[in-house]
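Keep in mind the model is a prediction, meaning the values are calculated, not measured. In what follows, chains carry the letters A, B, and so on, assigned in the order in which the sequence lines appear, proteins first and then strands, with residues in each chain numbered from 1.
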There are 2 protein chains.
Amino acid sequence: MALGTDYELQDCALARALEVVGERWSLLIVRDAFYGVQRFNDFLTHLGIPRAVLTARLNALVAAGVLRREPYQQAPLRHGYLLTETGLELWGPLYQLSRWGGRHATEGGPHHLFAHARCGTDLDLVGACPKCGGGPVPPAEVVMRPNPAHTGGHRDDPVSRALVRSHLLLEPIASAAA
Amino acid sequence: MALGTDYELQDCALARALEVVGERWSLLIVRDAFYGVQRFNDFLTHLGIPRAVLTARLNALVAAGVLRREPYQQAPLRHGYLLTETGLELWGPLYQLSRWGGRHATEGGPHHLFAHARCGTDLDLVGACPKCGGGPVPPAEVVMRPNPAHTGGHRDDPVSRALVRSHLLLEPIASAAA
DNA sequence: CCAATAGGTCTGGTGAATGAACCTTCGTCT
DNA sequence: AGACGAAGGTTCATTCACCAGACCTATTGG
C-alpha cells in the first residue's frame, strides 16, 4: 500500500486490493502498462519516478501477479513488463477512477478519450460500448486517442509523444518497438 | 496521494483522482463513509488509523469536496463526515476495485456482499443489477450484508459489530445513531 | 578504446506515517 | 462541588518510505 505497506487488520477486499495497487505510483504504472508501456526506461521517463522506487514497484506488482516479466531480447538479456490476466482485470476500476478524476479533479478536460475499436463509439461511464451493448469492453478492444478539446501543457518525453497517436490499448508503444 | 502528496507532472485524469483519494487510508475512509460511518471516533476504531492521520485525511477529503462536515449535535459541537455528490460518484470505482480485490487478493472470500435493495439480486461486476437492468445501481439502493461463506477472523470494534447486520449503504450505523 | 543504451543498486537527506500522551469542552454521577 | 468519561483533536519523538543523484554491469556501435 501507499506507505505502511499493508492493512493487515482490515478484513476487507478493498484493503487487500489496496495492498497490491494502493501504493504511490502503482496504479500509474498499471495504467501505463495498459497504454502499451513495457520497458523499464519508458516507465521511468514517462512517470518521472525515482529508479529505486520503480524497481520496487515493478517487483511488487510481479510478485502480486499483476505484471509478468517477458524477455524481449537475449543479447544483453532484457525484460519487458506485461499485464497478466489478473492485471487486465484492473481495467474496469482504473477506467472508472480515471473518469471520476476527469469529472471532478481535472482542469482543461481529460487528455485521452477511449472508444470501442470495433465501432468507434466512445465508452460510457462503466467502460461499456453504448452502441454495441453488452458488458464492459475488454481493454484489447479499446482505442485511446488524445482529447482534441484538452487545453493545457503536455509532457515531452518519447513515451508521451508516442501516446499522441491514437492506438489500441496494450499495443506496445513505438518507443518500445523501435 | 500516497506520499509525495501529488503528481503534478502527470497530465492525466487518473493522477488527479489519485491526488484526492490515492493516499494511504483515504479510500478506506471513503468506503467506511459508504458503509454509514460518520463520526471521527467510529472511523478511528474501525480503521485502526492514527488520530493525526485521520484528522489530516478527513480535512483533505473535505477540502477536495469528497466529504462534508455536518453538525449532529450542538451541546459540545460535534460534526459527522458525510459524502458529497462528488464523493457518492466514487461508488463505482470503489465497488469495482473491491470486487477485484475479492477475486484476486482475498482468502476466505469477501466479507460483504452487495445486492439491489429493490429486488434483492446481487450486483454484477460493474455494480449493476442483472435483474432490473439499466446502469449501475446508485449506492443508496444497495444493501450490504455479511458473506455467510466467509471464513477467517473478524474485527471486534463497535463499528464492525454494527456492520454484521445487513443494511443500506449510506445509512448511519447503529453506533452513530445511539 | 570510448561512448551510449538498458536496467539496475546504493546512499544520504527529507518528509510523512506511527503510536502514545496530552488538551479541551461539555454532560453526568455522587 | 469534584470526579469521571466521551468526543474530537493537537503535539511529540521515532520510524520508515520516498526522493534525487551517483554509481555499477553487460553489451553493442563507432
Side-chain angles (χ1 to χ4, degrees), chain A residues 1-10 18-19 22-29 37-62 67 69-82 157-159 172-173 175-178, chain B residues 1-10 18-19 22-29 37-62 67 69-82 157-159 172-173 175-178:
Chain A
M1 237 324 271
L3 327 115
T5 67
D6 60 9
Y7 300 101
E8 28 181 80
L9 297 173
Q10 288 295 317
L18 290 176
E19 285 177 6
E23 281 178 305
R24 184 156 152 80
W25 301 111
S26 291
L27 219 46
L28 292 176
I29 291 171
V37 177
Q38 298 183 348
R39 299 185 179 192
F40 188 91
N41 272 315
D42 287 337
F43 285 108
L44 198 68
T45 61
H46 188 229
L47 293 172
I49 177 178
R51 303 175 80 88
V53 176
L54 179 58
T55 302
R57 291 292 177 280
L58 288 173
N59 289 339
L61 289 170
V62 168
L67 298 178
R69 284 160 60 94
E70 194 81 2
Y72 64 83
Q73 74 174 32
Q74 289 300 329
L77 185 56
R78 290 289 178 260
H79 299 273
Y81 294 87
L82 303 180
D157 54 278
V159 177
I173 57 171
S175 160
Chain B
M1 236 328 269
L3 328 113
T5 67
D6 61 9
Y7 300 101
E8 27 180 81
L9 295 172
Q10 288 296 316
L18 290 176
E19 285 176 6
E23 281 177 304
R24 183 155 152 82
W25 299 114
S26 292
L27 218 45
L28 292 175
I29 290 171
V37 177
Q38 298 183 347
R39 299 185 178 192
F40 188 91
N41 272 315
D42 287 337
F43 285 109
L44 198 67
T45 61
H46 188 228
L47 294 173
I49 177 179
R51 302 174 81 89
V53 176
L54 179 58
T55 303
R57 290 293 177 278
L58 288 173
N59 289 340
L61 288 170
V62 168
L67 298 179
R69 283 161 60 95
E70 195 80 3
Y72 65 82
Q73 75 174 31
Q74 289 301 327
L77 185 56
R78 292 287 179 260
H79 299 274
Y81 293 86
L82 304 179
D157 54 280
V159 177
I173 57 171
S175 159

| message | Would you compute the distance between atom CG of B:Leu54 and atom CG of B:Leu44 and round it to the nearest 0.5 angstrom? | response | 6.0 Å
| What is the distance from atom CG of A:Leu58 to atom CZ of A:Phe40, rounded to the nearest 0.5 Å? | 6.5 Å
| field | Where protein sits on nucleotides 4-12 of chain D, one letter per nucleotide: B base, S sugar-phosphate only, - none, heavy atoms under 4.0 Å | value | ---BBBBB-
| said: Show the nearest heavy-atom pair for residues B:Pro71 and B:Leu77, with the distance to one decimal. | reply: CB-CD1, 4.0 Å
Please state how far atom [atom1] in [X] lies from atom [atom2] in [N], giving the value in whole angstrom units.
X       : N      : atom1 : atom2 : value
B:Ile49 : C:dA17 : CD1   : C1'   : 10 Å
A:Gln74 : C:dA6  : CD    : P     : 17 Å
A:Arg24 : C:dG15 : CZ    : C1'   : 12 Å
A:Leu54 : D:dC19 : CG    : P     : 12 Å

| Beyond-backbone contact of A:Ile29 with A:His46, side-chain heavy atoms, under 4.5 angstrom | no
| request: Decide yes or no for B:Arg57 and B:Phe43: does some side-chain heavy atom of the first lie under 4.5 Å from some side-chain heavy atom of the second? | output: no
| message | Main chain of A:Asn59, side chain of A:Arg69: is a donor-acceptor contact present, judged purely on distance under 3.5 Å? | response | no
| message | Using a 3.5 Å distance criterion without hydrogens, assess whether the side chain of A:Glu19 forms a donor-acceptor pair with backbone atoms of A:Gly22. | response | no
| request: State whether B:Trp25 places a side-chain N or O below 4.0 Å from either non-bridging phosphate oxygen (OP1 or OP2) of C:dA16. | output: no
| said: Let me check the geometry of the helix from C:dC1-D:dG30 to C:dT30-D:dA1. What is the bend angle between the axes at its two ends, five pairs each, to 10°? | reply: 10°
| task | Determine which pairs satisfy salt bridge (charged side-chain N to carboxylate O under 4.0 Å, His left out) with at least one residue from residues 71-80 of chain B, sequence neighbours left out, and list them in order. | result | none
| task | Between A:Ala75 and A:Pro50, name the one whose nearest nucleotide on DNA chain D is closer to the 5' end. | result | A:Pro50
